[in-house]
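Worksheet: one structure, shown below.
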Amino acid sequence: MLKNYNKDFKFNIEKFYKDYLIGAKIFKNRDALESSYIPEELPHRDRQIREIAEKTACALFGDTPPSFLCYGMTGTGKTATIRYVSQKLAQQDMENKPWWIYINCNVVSTPYRILAHIYNTIARKEKIPPTGLPKDIIFKRLLGLLDQKVGNSICFLVLDEIDILIENKKAGNEILYDLTRLNVNLDVCKTSLIGISNKLKFKENLDPRVISSLGKESPIIFHPYNANNLKDILRDRANIAFYDGILKEGVIELCAALAAKEDGDARKALQLLRKAGELAERAQNKTISTDFVERAQLDLEKDYIKEYILGMPLQAQIILTAIYLILKFSRERNIVISGDIYGVYAEITQIIPGINQLTKRSISDYVNELALAGIITADTKSMGFYGRTKIINLDIDMKIAEGILRKIDKIKDILNYQPVMTQTDRVKLRNDVFKKLI
DNA sequence: TATCCACAGGAAATCAGGGTGT
DNA sequence: ACACCCTGATTTCCTGTGGATA
């Protein structure tokens, strides 16, 4: 049946657009606050720029630059600096401009796809299919293409988030080894690898053969920005992004301070500023005050959690639901252990149609992932005679969790289901024991 | 001090679903 | 149609483990 809407409350889209156009303009150039934006100047990265320039300058003479690594936490400007230097190098007067091929190993995450990605970016047309061919065939085709298309100039292969590649130790090392050996098999073209990593210790998992070529050069370290550094970066970007006089006193300082707390993450700082601007814009405000920054921070956090959970595989969502239900229905509300999760999970997979039940081993992995994302905390604890287990807590508000889970079709109907497990005394009994021991 | 709980988590195998060239 | 390839998710098999208990 149709609802009888009050006419006065009807959303007038025409008027909305009109008001929107007349209303305060905040953004002059929104893109300047994207982390992919390469500004004219990169504040506080002089040393890194110089080091990278020194290592790559021999490309000007057509010599092969050495392969090297860049380390630094997220938002310390690694990718931006590389892109910056590559732009500058391309502006120099030289016969054969070098090629730069960017590979984000988080997106292009398998050996086959890395080779295919390199091939396809150079070839433009006549692409290699996304799957189906043997790897060595692609490798040979790639060699031919490099010699033919890149000719006697340099091809830089930038592997961003290279640590993700090594998570699969065997396959990751194999492809890296293959890439380092490209030069040996090439006739005219030369390649040079640049690895970008968030984790300092990722080198531990690297094959010695790979280290010998990728780790010979001293790595370039990107230290986190401090609050003052971040202020400089934000000021530069804000000048491009906003109209004059939009930013109120203290906005940049607050963004910088908040991001400095998060390991000096410049990406975070820019996100805060952009979100604050968007909130002000939506509120049809003429200026951005620190209030908007505070709201932006809450919003960003909520958005992140929501998007993460809704983007998880259904099985992971069900496991989160199991944790939620245990906390909701067990009388001792604060303790969840892995065994209980599995029990309740097994129960609800029976209720939801079309779901198959996974093994404990897989669930253990999913629980770890949830913990890594900051949705739950999971600390392994030895209970001596009572075995070893993980003590799990929901790290987000129960209400928020419920709101998000309610958006998932297959789950929304079971959020009031009381698991049999929590009705028996088993959970309570265990909780009593654990409580004493913790 | 040996035992033993209740799991953790690594490595390799398997499976299904996407594709290939011949 | 066929033999074969790559990938991601999962299973199977397995070894490891901290400390309360007997």
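The figures that follow rest on heavy atoms only: side chains count, while hydrogens, waters and symmetry mates do not. Below, chain A is the first sequence line, B the second, and so on; all start at residue 1. A quick note: this is a predicted structure, and the numbers were derived from the prediction, not measured.
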Strictly below 4.0 Å: does [X] bring a side-chain N or O up to OP1 or OP2 of [N]?
{"X": "A:T359", "N": "C:dT10", "value": "no"}
{"X": "A:R113", "N": "C:dG8", "value": "yes"}
{"X": "A:T389", "N": "B:dA8", "value": "no"}
{"X": "A:S338", "N": "B:dA6", "value": "no"}

Interatomic distance where [atom1] belongs to [X] and [atom2] belongs to [N] [whole Å]:
{"X": "A:I337", "N": "B:dC5", "atom1": "CD1", "atom2": "P", "result": "15 Å"}
{"X": "A:D379", "N": "C:dT17", "atom1": "CG", "atom2": "P", "result": "19 Å"}
{"X": "A:K135", "N": "C:dC4", "atom1": "NZ", "atom2": "P", "result": "17 Å"}
{"X": "A:I341", "N": "B:dC7", "atom1": "CD1", "atom2": "C1'", "result": "12 Å"}
{"X": "A:K381", "N": "C:dT17", "atom1": "NZ", "atom2": "C1'", "result": "16 Å"}
{"X": "A:M383", "N": "B:dA8", "atom1": "CE", "atom2": "C1'", "result": "14 Å"}
{"X": "A:N168", "N": "C:dG8", "atom1": "CG", "atom2": "P", "result": "9 Å"}
{"X": "A:Y112", "N": "C:dC5", "atom1": "OH", "atom2": "C1'", "result": "8 Å"}

Output the single nucleotide from [options] whose closest atom is nearest the side chain of [X].
{"X": "A:F385", "options": "C:dA20, C:dT7, C:dT11", "value": "C:dA20"}
{"X": "A:T110", "options": "C:dT7, C:dG18, C:dC6", "value": "C:dT7"}
{"X": "A:Q315", "options": "C:dA20, C:dG8, C:dT10", "value": "C:dT10"}

Discussion item. Students often get this wrong, so: under 4.0 angstrom with heavy atoms, is A:K360 touching a base, only sugar-phosphate, or nothing?
Written reply: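 The residue A:K360 makes no contact with any strand.
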Discussion item. Need one value for A:Y366: base, sugar-phosphate or nothing, where a base atom within 4.0 Å counts as base even if backbone is also close, heavy atoms only.
Written reply: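 Sugar-phosphate: the residue A:Y366, judged by heavy atoms under 4.0 Å, touches backbone atoms but no base.
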Response to the item:
Nucleotide by nucleotide, nucleotides 9-22 of chain B touches protein heavy atoms under 4.0 Å in the pattern (B base, S sugar-phosphate only, - none) BB-------BBSS-
Does the pair [X]/[Y] count as a salt bridge with the N-to-O cut at 4.0 Å?
{"X": "A:K275", "Y": "A:D303", "result": "yes"}
{"X": "A:D365", "Y": "A:R361", "result": "yes"}
{"X": "A:K381", "Y": "A:D379", "result": "no"}
{"X": "A:E174", "Y": "A:K170", "result": "no"}
{"X": "A:E51", "Y": "A:K55", "result": "no"}

Discussion item. Taking ring pair (Phe, Tyr, Trp, His ring centres under 6.0 Å) as the cut-off, I'd like each qualifying pair that reaches into residues 78-124 of chain A, sequence neighbours left out, listed once.
Written reply: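 Sorted result for residues 78-124 of chain A: A:W100-A:F156.
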Worksheet item: Any side-chain donor-acceptor pair under 3.5 Å between A:Q357 and A:Y345?
Response: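 Side chains of A:Q357 and A:Y345: no pair found under 3.5 Å.
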